[in-house]
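Here is the structure we will look at.
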Amino acid sequence: MPEVSLISALLVGLLGGTHCVGMCGGIVGALSLQMPANVPQWRFHLAYNLGRIVSYGAAGVLVGAAGASSMMLSDMLPVKQALYLIANLLLVFLGLYLAGLSHAIVQLERLGGVIWQRLQPYSKKLLPVRSVPQAFALGALWGWVPCGLVYSVLVAAMASGSAASGGMIMIAFGLGTLPNLLAMGYFARQLKGFMQHKGVRLAAGLLVAGFGVLGLYRLAML
């Protein structure tokens, strides 16, 4: 797995903060209000996000293993090239979405609705959060909330060629999202105003789309 894949996943997570603020800002705000006053807030925020990243890593391992299995058919079908093509096309659409120029990627979120409907009742049982392990468990469930940003990177994890590589890509992506979501827990209003600024969204979106265009160029060269 090229190192550029990990760097790209990390940067997509970081630049995707414009989407995270809009989608997860309400969740972070609600969780912050429910924290017990006698425990430092940073422990809960860190536990939430570590649980979320663990779920991303697990999903990456699963899709990476599935991708590796499908590549056994590479003698008959160009599976690897097809997955790579889809992954980079999704990055382009994701970048356009983050820039506010397209909403096509939102359709991906509807695909994950079935899984979330089954997990959501368990999240209600963990509220209100009163301990760090409970926060970690809730974060692990939070990692399965339908999100077009996550699903786009999952396709790249599937194209990585192995369970380990898929897991590493998703963990890198999760670490990229960490600064925005941690900061959101403390500076929700200020961060939301900055990240939703049209210029910030446009710049972040075009950079993400640029990763996809670069990937498509490399594929064409091959």
Side-chain angles (χ1 to χ4, degrees), residues 1-17 19-20 23-24 27-28 31 46-72 79-80 82-91 93-94 97-98 105-123 126 133 135-182 208 211-212 215:
M1 178 183 59
E3 289 183 10
V4 69
S5 299
L6 290 176
I7 296 172
S8 297
L10 182 72
L11 290 175
V12 166
L14 183 62
L15 296 170
H19 176 63
C20 294
M23 183 169 184
C24 299
I27 298 175
V28 173
L31 295 176
L46 189 60
Y48 288 135
N49 285 283
L50 286 179
R52 180 175 56 85
I53 293 171
V54 166
S55 287
Y56 289 167
V61 167
L62 290 174
V63 300
S69 299
S70 66
M71 287 175 194
M72 294 179 182
V79 177
K80 187 172 184 177
L83 287 174
Y84 191 72
L85 173 65
I86 294 170
N88 285 286
L89 284 174
L90 283 176
L91 276 181
F93 283 118
L94 175 61
Y97 168 69
L98 294 175
I105 205 74
V106 177
Q107 302 300 322
L108 276 176
E109 295 180 357
R110 297 178 181 175
L111 297 176
V114 176
I115 297 175
W116 180 239
Q117 285 176 3
R118 296 180 180 275
L119 294 176
Q120 190 176 21
Y122 294 101
S123 66
L126 293 170
F136 179 87
L138 186 60
L141 288 175
W142 179 11
W144 299 96
V145 170
C147 174
L149 184 66
V150 174
Y151 297 157
S152 299
V153 184
L154 274 174
V155 177
M158 182 178 288
S160 67
S162 73
S165 296
M168 289 172 65
I169 284 177
M170 290 307 297
I171 289 174
F173 164 75
L175 291 174
T177 66
L178 191 58
N180 284 311
L181 289 173
L182 282 177
V208 171
F211 293 137

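In what follows, residues are counted from 1 in the order of the sequence shown.
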Atom CG in Leu94, atom CG in Leu91: separation rounded to 0.5 Å? 6.5 Å
Which distance, rounded to the nearest 0.5 Å, do you find between the OG1 of Thr177 and the CG of Leu10? 9.5 Å
[X] versus [Y], closest heavy-atom pair with distance:
X      : Y      : result
Leu90  : Val155 : CD1-CG2, 3.3 Å
Ser162 : Ala68  : CA-CB, 4.1 Å
Gly57  : Ile171 : CA-CG1, 3.8 Å
Leu154 : Gly60  : CD2-N, 4.1 Å
Ala156 : Ile169 : O-CD1, 4.0 Å

Met170 vs Val61, side chain to side chain contact (heavy atoms under 4.5 Å, CB included): CA-CA, chis, key distance, verdict: CA-CA 8 Å; Met170 290 307 297; Val61 167; over 6 Å; no
As a quick check of understanding, evaluate side chain to side chain contact (heavy atoms under 4.5 Å, CB included) for Val54 and Phe136, giving each step before the final call. CA-CA 10 Å; Val54 166; Phe136 179 87; 4.0 Å; yes
So, using side chain to side chain donor-acceptor pair (under 3.5 Å) as the criterion, who are the partners of Asn88 when residues are at least two apart? none
Where does the angle between the aromatic ring planes of Phe173 and Tyr56 fall among parallel (under 30°), tilted (30 to 60°) and perpendicular (over 60°)? tilted
